[in-house]
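Since the structure comes first, as structure tokens, the remarks are kept for the end.
Only this structure's heavy atoms are used, side chains among them; waters, hydrogens and symmetry mates stay out. Proteins get letters first, then strands, A, B, ... in listed order; numbering begins at 1 in each.
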Amino acid sequence: MENNEVKKINPEEEVQLTESEIIEQMQVRMDKLAVLKDNGQNPFEQLTYNVTHHTNEIRDNYAELEGKVVAVAGRLLSKRGMGKVSFCDLHDRTGKIQTFTKIDALGEDAYKAWQKLDIGDIVGVEGEVFTTHSGEISIRTTSYVLLSKALRPLPNKFHGLKDMELKYRQRYVDLIINPSVKDTFEKRSAIIKEIRRFMDDRNYIEVETPILNTIPGGATARPFVTHHNSLDIDMFMRIAPELYLKRLIVGGFERVYEIGRLFRNEGMDIKHNPEFTTIECYEAFTDLRGMMELTENMIASCCMKVNGTCDIEYQGKQFCLKPPFARVTMTDAVKQYSGIDFSNIKTDAEAFEAARSKGLEPEAHLRRGEILNLFFEVFVEENLIQPTFICDYPIEISPLTKKKNDDPTLTDRFELFIDGREYANAYSELNDPIDQRERFADQLKKREQGDDEANLIDEDFCMSLEYGMPPTGGMGMGIDRLVMLLTDSASIRDVLLFPTMKSLDK
RNA sequence: GCACCUUUAGCUCAGAUGGUAGAGCAACUGACUCUUAAUCAGUGGGCCCCGGGUUCGAGUCCCUGAAGGUGCACCA
């Protein structure tokens, strides 16, 4: 009995001890903060700092700045104390510079306080630009201000932050400690900026259409459902902006594009995130050929912008993104990689027979065009390494696309493949309202067969076509995947600042 | 959804066959007036992912769960 009681008390004490020990390094920093506050130097009361130069300006204009006094601000990420002299690396958004701090120059009190600074603290440093004996461009500190205190320790600077989960959940730490991460997101920004410039130069206007939809349309995908309280209706996060953008072509804009987030309630993997960014554009009086030219030139422009060349390496493979890209019909591609020539296959029964001859078991309700697409996915896709436009998609899987004038089983559509992945999807847009209603009716049939991703009828969209839409080319492209390709990133999560993660709450 | 893998100090990682946890960096103390992964000496720091079980004894073996990664499925 007594023994048990003793055992009960001891573990409790241990638990309390360990809890305080967990935050050992934080406690040290809190204590330092308390001392600063006692001395009237609360870093969190600082409002501004007059930065005269960024670190790259000092490096780039050293000859001019040598001997001049500059003021820089940033985060301390490395300390090398030598007693009465210490060296630190101060990082700002442009890079880093070494500070050289001497007790003679600062005075004993200020120098002691400088020595108390922690890795991660944000400081403003004023001093003269010079080069150390070992050749490092540095700032000889004459005064400094602690602008913010880091209460948490940063990861080891040599190994960085490697834990994928922590990188994604605490991207701010990843950005502080891993320079290549910042580079990727700077390139992402440059790519999106270049897309805008490219489109604006072609006299497109950028528009914004609803993200909250009452009918999710424009793609075959499961939507996220949400609820509007005062209207008391369920709403859907958009799966594509297509039907809205085409209404704007009806309205007379002639050239519109939208860059924005789409939401699809589907599985996540190395190339899918539930929310992702696309550009979608529509141009009146052009068609699929116009969209091909636009697409390949847009990609090449973005690549030149961030890589300075169209010849790039992605995940160990070489790619040439120089236009024009290859153009192959789906039927020809399927013939090349599977040996089956669908131009000789006219009926659903023949298509099933061909599928079985290749060891495929298509679902019973599939039709010829869907089986052709199945062949494409199974035998062709993974082989499309260099940029290739696959053209002439079957009508069954293209409910918003114009039929080919010379073959009503096919539509005037392409998808762009690079490294076996889809990057863009484009059509000569279907502008025949009667045909469009038939296509929706066909989709409805699919829905009744249990395909909960088939398109819903959007009556207002059909009505807009009845007012007349000019012949139009349209294209949509996944920007995240483009950024992956151009920054040699393996996972979509590496090009999203805050990829979707499960909550840690219980 | 299925399969496999991972989870140990703030970070990066070791911990054969079960015997109460180690290193490097980071932190703390001291030395050091040109270092740059500074160096040297010393010190502290652990709910070994959570919860069960087997066992005299579990970081290690078994079961359940969580989070993450990869592949498949689903899918732009």
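Straight-line distance between the P atoms of G30(B) and U17(B): roughly 43 Å, to the nearest whole Å. On the C1' atoms, C28(B) is 41 Å away from U70(B), given to the nearest whole Å. Between U60(B) and U20(B), the two P atoms lie 13 Å apart (nearest whole Å). Between G1(B) and U12(B), the two P atoms lie 28 Å apart (nearest whole Å). Here the separation of U8(B) from C47(B), taken at their P atoms, is 11 Å to the nearest Å.
We find that NZ of K162(A) is positioned 8 Å from P of U12(B), with the value rounded to whole Å. At whole-Å resolution of the value, CG in N273(A) and P in G69(B) are 10 Å apart. Going from atom CD of E24(A) over to atom C1' of C11(B) covers 14 Å, rounded to whole Å. Atom CD of Q25(A) is separated from atom P of G10(B) by 8 Å (rounded to the nearest Å). One interatomic measurement links the two molecules: CE of M30(A) to C1' of C28(B), which rounds to 17 Å at whole-angstrom precision.
Taking side-chain N and O atoms only, R80(A) has a distance below 4.0 Å to OP1 or OP2 of A38(B). The shortest distance between the side-chain N/O atoms of S78(A) and the OP1/OP2 oxygens of A38(B) is below 4.0 Å.
In this structure, of A26(B), C11(B), G68(B), it is G68(B) that holds the atom nearest to the side chain of M164(A). Of the candidates A26(B), U70(B), U33(B), A26(B) carries the atom nearest the I119(A) side chain, counting heavy atoms from C-beta on. Distances from the side chain of R493(A) to the nucleotides C11(B), C34(B), U70(B) place U70(B) closest.
Using a 4.0 Å heavy-atom criterion, one finds that R29(A) contacts no nucleic acid atom at all.
Figure legend: cation-pi geometry between R247(A) and Y244(A), with NZ or CZ positioned under 6.0 Å from the six-membered ring centre and within 45° of its axis.
H133(A) qualifies as a stacking partner of the C34(B) base, centre to centre under 5.5 Å and near-parallel within 30°.
Under a 4.0 Å N-O distance rule, the pair E448(A)/K445(A) does not qualify as a salt bridge. Looking at D118(A) and K149(A), a side-chain N of the basic residue comes within less than 4.0 Å of a carboxylate O on the acidic one, giving a salt bridge.
In this structure, A3(B) and U70(B) make a Watson-Crick or G-U wobble pair, each of the two defining distances being under 3.5 angstrom.
Annotation: of the two residues near RNA chain B, D163(A) and D104(A), the 5′-most nearest-nucleotide partner is D163(A).
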Test side-chain hydrogen bond (donor to acceptor under 3.5 Å, both in side chains) applied to T131(A) and Y62(A), step by step: CA-CA 9 Å; T131(A) 303; Y62(A) 178 73; 2.5 Å; yes
